[in-house]
Structures are given as C-alpha cells and as structure tokens.
Amino acid sequence: MPQGARPDSPPAQDWTPDELMIAVLAGCFADGDQACNGMASFLPVAAFQLAKLTHAPDLVWLAGAVGLEPRPGPIPASTLEAPLWRDALMYVEQFGDFWTLALNGRWLQKFCVGAAQLDRFGNANNSVIGDYHKPKVRLPGTAGLGDMGSIGKQLYFWNPNHSPRSLVAEVDFVSCAGYLGGGDERERLGLTGGPELVVTNLCVLDFEPQSKHMRLRSVHPGVTVEQVLAATGFEPLLPAGEVAVTPVPTAEQVRLIREVIDPHGMRRREFRRR
Amino acid sequence: MPQGARPDSPPAQDWTPDELMIAVLAGCFADGDQACNGMASFLPVAAFQLAKLTHAPDLVWLAGAVGLEPRPGPIPASTLEAPLWRDALMYVEQFGDFWTLALNGRWLQKFCVGAAQLDRFGNANNSVIGDYHKPKVRLPGTAGLGDMGSIGKQLYFWNPNHSPRSLVAEVDFVSCAGYLGGGDERERLGLTGGPELVVTNLCVLDFEPQSKHMRLRSVHPGVTVEQVLAATGFEPLLPAGEVAVTPVPTAEQVRLIREVIDPHGMRRREFRRR
Amino acid sequence: MQVKQTTLAEAASLVSDGDLVALQSMATQAAPMAMVRELIRQRRRDLGLVCLVGGIAVDWLAAAGCIDRFIGNAVSMEQFGLAQRYRRAVEDGRIRMEELSETALLARLGAGARNLPFLVTRGMIGTDLIAVNENLTMIEDPFGGPPVVACRALVPDVALIHCHRADRCGNVQYEPTARWPDVAIMPKAARRVIVTTEQIVESDVLRTDPERTVLPGFVVDAVVEVPWGAHPTSFNPRYGYDGALHSAWVAAARSEEGAAQFLERYVHGPADHESYLAAVGGESRLAALTRWEAE
Amino acid sequence: MQVKQTTLAEAASLVSDGDLVALQSMATQAAPMAMVRELIRQRRRDLGLVCLVGGIAVDWLAAAGCIDRFIGNAVSMEQFGLAQRYRRAVEDGRIRMEELSETALLARLGAGARNLPFLVTRGMIGTDLIAVNENLTMIEDPFGGPPVVACRALVPDVALIHCHRADRCGNVQYEPTARWPDVAIMPKAARRVIVTTEQIVESDVLRTDPERTVLPGFVVDAVVEVPWGAHPTSFNPRYGYDGALHSAWVAAARSEEGAAQFLERYVHGPADHESYLAAVGGESRLAALTRWEAE
C-alpha cells in the first residue's frame, strides 16, 4: 500500500456520498488514537484506512477488534472475518485483551457506531421495536454497544440511510446510552464520554453542549436543510445563522478510496437501493 | 518411562521416610483426579508420578499448575521451572485457565499443602509468626493456599519435619482456612471441603469427624506414639484401641521412586538435616 | 488420560430436551454446525441457547423448532442479513431473548465458570437492558467508588465447541486465529462439554505446540472427528464461510415452508455428515472455500 | 505506530521515587532484572512493589533500600530459600507487606485494568487475611447466593516486564512457555509500562506469529533491548536461572554488609549491562545457562 498522501490535494470534482462520509469519519481520528470496527462496518473500516494513509499514519487500527495493524488489501465482503486481519501484528484475545483495554479508559476511546434507531439525545437502539418482552420487531441485539455507551467512549454514529425511521424523537428501547433525557442526566449517572457526531448520507449533526439535543452542523453539498428536516423524525436544533456545507473529500482521498482501500465498492453495500 | 507396576509387589525391605511419605500421598490420588503442585514440592511431585505409574494411570497431572501431563524425566532441582513441564500437552494460562478450573469445583479438587505452621484444627499459616503488622518472623506468604482453604478443596498436608514448631495448638495467623475453631464452624461459613490428612516423617494424622480435631491415624514403622506426642505442639486425639502402623511402600514403589522418578534424590532436600 | 472419542449421534445424547446449550458462534464464523445438524435431526426440543453472536446455527435451530430461549449479545448473519426464522419466533413469543451486553454475558459466564454468585461490569449503565433483566442489578461499591452492575452467574447444561485438532482424550487445540471468548469461557462454565474437531491426532502431535492447547481433556465429555464440521460457517485459517449456502438459506427462510424445505434438503435428508458435504457441493466446492471463494 | 525504543537509563526515568511498581516475577523466573538493577543504580527511593511471587529482584531492591511496601502473594527464591534482606526489613518495619491470596491479587489488578471499583473472589473466606486488609471486605450477593470478598481496584504507577522479542513500537511477543498472569494483567492495570526485551526485531517478524503477541505497542511507553535481561532469573525457553549467583547472593545476604558488598560488585560496580554480564561469568557461563546447567 502506498504511504502518505499529498496534503495539498484539491477538492474532488467527482465524489459520492459514501466517499464524503468516509472522509468525514476519517477526520474524527488522529495520530495517537486507536480505532476498531465491528461487523458490517465498511464505512468505518474505509475511514480508518483513509486516515492512516493521509493525516494520521500513527492511528492504530484493531481490525474487527481482533487483528492489530493488519495489511488487509481491498476491503473484503465481511468486516468481521479473517481476510480483514491478514498479516496482523497481534491476534487480540477478546476478553482478557480487547475488553480489558476498552474498559480501561486510556485506549480505544473513540467508536464508530451503527444503530437501527438513534434519538434526539443520542440514545441508540439495536434491540427491539415495540415492547422488549413482546417485540414488534426483534432487532439483532446491542452486543458491545450496550457497553460502549456507558464506559466513557466518544461515539461517532454513521447512518447511510437518513430517514424518520432511523432518526427518531425517542428510541423504543435504550440499548446504548447516549445523553439519556438530555441535559446533565448522563453526567449525574457518573458516565463520561458520549455521542459526539452523527454522519449521515445527508448531513453531519452534533449535540448542543447544554441541552445535549442533536443539532445540525452541516449539510452535504446539494442537500437542503429542508430535505434534512423532512428526513428526520424530530426537529434537530439549527445553528445560529447559515448552516455550513460539509467540505467535500479531496481528490486524493477519493483516489485512495476508489483505487487502494475499496476497489470492489463494498462501502456502497450499506446504502439502501433507491 | 515404564508404564504400570506389579500390583502384587511385596513390601519393601529397605525404605526411607521420604519414600514412605511419597507412597502415602500417592495413595490419596486416584484415576479421574487432577493433581497439581507448587514450588518446592518434591514429595507431591514424586507421589503424583508414583500414582500414575502404579494404581492411577489416568490421574491427570498439571505440573507447576502450568504443564499438562508432561514427560519431565527425573525430578529437577525446582518444581516450578520449565524442566518439570517438558513435553506438556498444554501450557495452562494461570488466571483464565488454571484459576477458573480450580475455582469451578468440578476439577482439581485435591491439593497437597505445605505450611510453616499447622494447628490442631487444620488451619495453616505461611504468613507471619507474631503480629501481622509487626511480625517476629515474616514467612513467605500464603499465595494460592489463601484461596485453596476456602474454595472446597480437600487438603493433604505434608510435613517432612514434624516438630512442636510446625504442628502447633493454634496458628499465629490463619492464612489458609482449615476447620477454624473446629466443630461446624467451617460449615457455618458455607465452606465445603477442608483438611483431609497430615502426612509427616513420623506419622499420618486425620481429623475427627465431629470435633474436627487432629487425630493420630497411624505411626510409621519404628516410631512410637510417645515420640509423636513429644514432637507435636498439642495433643492429637488418639484412636480407640491400638494405634495402627503405616503400611510400608512396596518394593516396586521404592524401585520406581529411586530408579525412575527421582534418581537424583531431590525428595530428600525437604528434610532438615539432623 | 481417559478416552472420550465418540460419534456425533452418541455425543448428542449428552444434550437433553430442555437443556441450556452454550454454542460457540460468531455471525458467520466457527459454529459447531455438524453437532447443530445432529441435534435438529434428533429433534431436540425446548433447548435454550447461550451465544455471543448467533448466526445461521441459531436460525436453523429456530426454524426446526428446537429452541425456546436465547441468552446472548446478538443474532445476525452480517452481510447476509437478519436471522429471519429466529426473529419471527421471538416476535411471535415462541422464543424468549435475554439480551446482554458483551461484558455482561462474559461476566455471567465468568461467574458461572468460577463458582462465584456474580461478577460486575460498568457497561449498560443508563440503558434499558438492566431493568428488564432479573439477572442484572445495580450494586454499590463497598469502597465508596461508583456503583456497578452485578451480573448473576450463568451455568449452561452443555457447551458445544468446534476446534482444529484434538486427541482422543479431548485435549483441544486451535491453530493461530482470532480468539473469541466463547471457546475460553463456555466449556468451563457448562456442566458438560462436547467437542467436534476437524481432526483427531495422536497426543504427541499436541505436545509439539502446547501453547495452542486451549482446553485440557478432563474438562471434555465427548470428542468427535468431523472434518468441515463448521460448514457453512468459516473456520479460520482452514476455510471460509459458504456464501452461496448462506444466501440460499436467507432466500428460503423468507417463509416457514421455504425454511422447512431447505432443512429437509440439507439437514434431515443427508444420512450422515459425508452426505451433507456432498449435498452442499462436494469436494470441488469445499476446495474453493479453502481459498476463501465465499460466493 | 509510534516508536518507543529507548535506553535503560531513559526508561528508568519513567519511574519516580514513591511510585508503586508492578514487577513481573516468579520465585526464580522471568523478572526484568536489568531494569531492576538500573533502578538500584539510580537510587530510587520509597518504591512500592506489586508482585505475584517476588524473588531475588525483591531481595536486591530491599537490600538497596529502594522499597518501603510490597503488595503480593509471596516472596521466595524456592530452593535457594527466603529473601533474607526483604524479610528482615519487614520484621524491622521498614517495609510494609500487604499479603493477598492469588485470586485476590488478580482481582485487585483485574479491577484496576478494567476501571472497575472492585472485583470479587470466594478465596480467603475464613482466613485472617481479610480483617487485616482495608482493601478487602465481605459483601452480600444481591441475588441471594453466598457472600463474596470484594477486592478493591489496584492501579500501579508503572509496570516492568521482560519479553522475548518486541518491535520498536513496543509490540510485545513471548515464545511458547508458561503463561503467568502478571504479564497479562499488570501492563493493563498500570499507568505506564516499561518493556525490556531479549531482542528488538522488525515488525514484520512479529507478523509471522501474531498469536504470540501479548501486548499492543500503544500500551507500552518504553521498550529497551537487553539480551539476558532476566539474568540471574530464568527466561524460558531461552535460558535457565543462574543457581550459582542465587547461592552466592543467599550466602552474602545473611548480613547487611555482605549484601552491600554483593550489590557493589554486581549492581553498582558494572558500568553497564555488558559489564554486568562479564562480571557474572561472561559468554561461557551464559552458554551453560542456555543448556539449563543451573549450578
């Protein structure tokens, strides 16, 4: 794999929402961070590799929470199978190693999180639609997210299918703790960290520091604020003044994604066909 | 190593106390048991190997709590170094494997225990003589024995230097729980298992089932009851009627110990020079 | 050491109707599928499952009506989608799910393995997972620190695992690969352990790599040689998952009838494991999987 | 990954007077002795030690007046006898010992590593170890089972470990050998980690055996190449313990003066690690130790 990238690369003329989302997520990770991914996480995996190839060569990647600094080649069809952690420096044992390091608080402080439902205070649900004991829809289950929301991590949500069904006023079930009821409720429970950013196919949102209510930070080029509002199950806060436009990826970022990181286009599997 | 032994072997004509103690300890372990040893444990290590070569070929030995079923050759100078677990089937990781298996309650149910002090109710002390915070003598420390006395194990004490200093009325400090104050005190704390046998260079002792007080079970050939009483820091209970004589090892057992298991005589290092 | 080698059919007799079964599994990885098929063929009923992440094994057992409860982190076949028969059964009330975070499941099993009444985690605080679960409760730190979630010990009746090689006495070895925690903790927590293995080898072969042995034989009740025993899940580094069979299942499992027909063809139909391997494509297909040609 | 390679002297600057130092050690095995000698040479004071089973390292540090407290399971040099300078210092009140059972020490460190206020064990119940220790206390099971011993989290300031090979970024590998728990847990519980290694290798060498890597480099603050860095303790499978040096120490350590002379000759005297190796017998002696000719 080629190392580094031209820092002065111009904005791409030709980019797609998946590539823009990857660039935004990549920008959340820096040298000195450690990043890991779970299953069906094509965008985060691409983002970690993009960061390493450009601004954050010393970002440490734990592929699938298993393989330390692998050399995987093009993104394979699964982000939780052996091809992803080819030539790793270490096979991280899950409980004694991975969870101990994750719980500790000094490492692996940022997580990319996908969720079936995310609400206005950043609470996530991968458990059930409807009642827990008699669900209307049984979702896959919260797995590690049930921990990550409570152990001081900074959470970066990604959502390739921004819709009123996935961004809801209130989740049916809190399976990953965000800011709970908002304000200082999370803090009062002694929880640190919390949701930082929500990156969707339409826009980037963050959380207003006092109320902890989700807030529109930027819309992607070509997307209007009205489109975002129509696609969201609640009213996100709006910034004072003009809403910013998300910077597009650089030409070099797009080249790296298309030619080096994901030539087979696995990243597009996450997007619902329209 | 030769497998099996003649079951009809006659009593040895020529035996020493170390060999007799090894034979007695070997008799405590059977097929289906799992045995492990700690450091400076020449007699238990010899006993496990003797049992495996004679009546208990399917006894499982975890050498040094590390090496599963090794082929160590003659007993080396240390019972907690790599030569003891040569050619093991498994290197048992200490916490996730060894302690999990030991705590479970279904495996590794018998332990051979050495202690600086052992009292009339089978409480052991490897911690301090005198006050814990200002000790007259700082002993090595209880290590795993601090656990083994409380987690349902059957404890087999061995003591190659039977004396009023090592067999005392009351230990200065309980670092390994025996029957505590005797009677049902151990049971009332919810503890199962407990001390089973004390094998010394003079005799074999057990614990009277009601009072849990140490009781003389047999004296070794050539040792008198009076000698045992004079060498003991309290009065052990005596059996009704004649005190039995400990059976001597068989000729085959002695041969195996001398020729196969411990040709370098490491077992005698545990005995104080007189 | 005692010999534990036996057949799939005999080993399955260690699993009774109603048992709580700890099943090694990730979404598309390393599940003891040959034993799962044997349990379906023997029509076990009212089983509970304990799984980190259940995949196709859980969906097949649900479709076959073998299970009525599930304790674990998640059920998913990753890129192949949701486990539809399982999901529908939960929604219909035929299967109860106890959903745990990863640290909570590991704490419950860890406590079970170590004969402790509970272990603690700081995960899940603030979520709804605690209040709905009688096996979780908040407790105070006796040293004045923050409260923690106590997770009650979990002791499955039997654990099913699949490994790369074992000897006749049930000493279990893995080749270098991802080390998921179910193999480490489930067999120690469960009352009985059934191991299937790609290969039975002489004990002396294990002695050449003692650091690869993960379970001593005395923990194991039965060991069965079943090459390709994890198919259609992957078993690194030996073979990849069978993507075509996963896709075929997902298509069939849209309906109860489709699922039943699929199980008839691939699980009930084949008389034994060899016939199953022939039914899913035989030698040439299996050879492709060793090269990770998933689809 | 960031490069962490440095010298013994630089690495030692990560240890301050008063620090609580977690030290890899068994009775005669696998202690980071080169780093221990460096700390003695730099005359660190008021250190605490956390050890499973301390051996000659603890006795040297005690004799040199570097330590004032010890938390661990035991201190012993097995067949070479008690650690006399350490023992005398405890009896004189110059060193405080907090004695823990094995499960209690692992619970304290495990809680420290996992940012939990405590973990529990069923060991020690009925012993006197609990009442004398403010870091242990009995608590009830909230699910109605038996009570357990809560063990308060322990977070050392720095952990010292020695390994077979590492790369410049501090990724740490062990050859197949006994797996003691201190290497697994201490570096994750401690605030800083210093690794000495028999050999620094290219990262690509580690990639050939990823299952042997036990610590990722991001956990490590400094890595120093020190061949024979565990001498005079053993470092399986590379070399056995130096029995002659252990015996010489035990003889010298009968008196304070003898101990001081010994340390002068073997620790303060040699200008660097190479000089130390020459002082203890040089190449021919070291070659004998690779053949386990201990005495």
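Nothing here was measured: the structure is a model prediction, and the numbers come from that model. Every chain is numbered from 1 and lettered A, B, ... according to where its sequence line falls, protein lines coming before strand lines.
The shortest distance between side-chain heavy atoms of Ile185(D) and Phe95(B) does not fall below 4.5 Å. At a threshold of 4.5 Å between non-hydrogen side-chain atoms, the residues Tyr241(D) and Ser78(B) count as touching.
For chain B, the nearby parts of Met97(D) are the backbone and the side chain; heavy atoms of each come within less than 4.5 Å. Proximity to chain D (any heavy atom under 4.5 Å) is shown, for Val137(B), by both the backbone and the side chain. Leu103(B) touches chain D through its side chain: at least one heavy atom from C-beta onward sits under 4.5 Å away, while N, CA, C and O do not. For chain B, the nearby part of Leu82(D) is the side chain; its heavy atoms alone come within less than 4.5 Å. Of the two parts of Thr177(D), only the backbone, made up of N, CA, C and O, holds a non-hydrogen atom closer than 4.5 Å to a non-hydrogen atom of chain B. Of the two parts of Pro237(D), neither the backbone nor the side chain holds a non-hydrogen atom closer than 4.5 Å to a non-hydrogen atom of chain B. With a 4.5 Å cut-off on non-hydrogen atoms, Val53(D) touches chain B through its side chain but not through its backbone.
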message: Under the criterion side-chain contact (heavy atoms from CB on, under 4.5 Å), I'd like the reasoning laid out for Gln94(B) against Asp182(D): C-alpha separation, chi angles, the key distance, then a yes or no.
response: CA-CA 9 Å; Gln94(B) 284 290 296; Asp182(D) 43 7; over 6 Å; no

- request: Walk me through it: do Glu78(D) and Thr79(B) pass the test side-chain contact (heavy atoms from CB on, under 4.5 Å)?
  value: CA-CA 9 Å; Glu78(D) 206 190 355; Thr79(B) 61; 3.4 Å; yes

query: Checking side-chain hydrogen bond (donor to acceptor under 3.5 Å, both in side chains) for the pair Thr28(D)/Glu81(B): CA distance, chi angles, key distance, verdict?
result: CA-CA 8 Å; Thr28(D) 53; Glu81(B) 281 275 4; 2.6 Å; yes

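Interface remark: of the candidates Cys176(B), Gly149(B), Gly190(B), Pro83(B), Pro83(B) forms the most heavy-atom pairs closer than 4.5 Å to chain D. Heavy-atom pairs under 4.5 Å with chain D peak, among Gly141(B), Ala143(B), Gly146(B), Ala177(B), at Ala143(B). Listed options Asp92(D), Asp128(D), Asn236(D) were ranked by heavy-atom pairs under 4.5 angstrom with chain B; first place goes to Asp128(D). When the candidates Gly93(D), Pro146(D), Ala104(D), Ala74(D) are compared by the number of heavy-atom contacts under 4.5 Å with chain B, Ala74(D) comes out ahead. Each of Val132(D), Leu106(D), Leu105(D) has some count of heavy-atom pairs under 4.5 Å with chain B, and the biggest count is that of Val132(D).
Summarising the geometry, atom CE belonging to Met148(B) is positioned 7.0 Å from atom CD belonging to Glu102(D); distances are rounded to the nearest 0.5 Å. With rounding to the nearest 0.5 Å, the separation of CZ in Arg138(B) from CZ in Phe70(D) is 9.0 Å. Going from atom OG of Ser150(B) over to atom CG of Leu129(D) covers 8.5 Å, rounded to the nearest 0.5 Å. Atom CE of Met39(B) sits about 10.0 Å away from atom CD of Gln79(D), to the nearest 0.5 Å.
For CD of Glu187(B), the number of neighbouring non-hydrogen atoms (other residues, nucleotides, ligands) closer than 6.0 Å is 12 at most. Under a cut-off of 6.0 angstrom, the local environment of CZ in Arg106(B) is crowded, with over 12 non-hydrogen atoms contributed by other residues, nucleotides or ligands.
Side-chain atoms of Gln29(D) come within 3.5 Å of backbone atoms of Leu80(B) as a donor-acceptor pair (strictly under, hydrogens ignored). Remark: the backbone N or O of Glu99(D) is paired with a side-chain donor or acceptor of Tyr132(B) at under 3.5 angstrom.
A side chain to side chain contact (heavy atoms under 4.5 Å, CB included) with Asp147(B) holds for exactly one of Thr127(D), Ile125(D), Thr121(D); it is Thr121(D).
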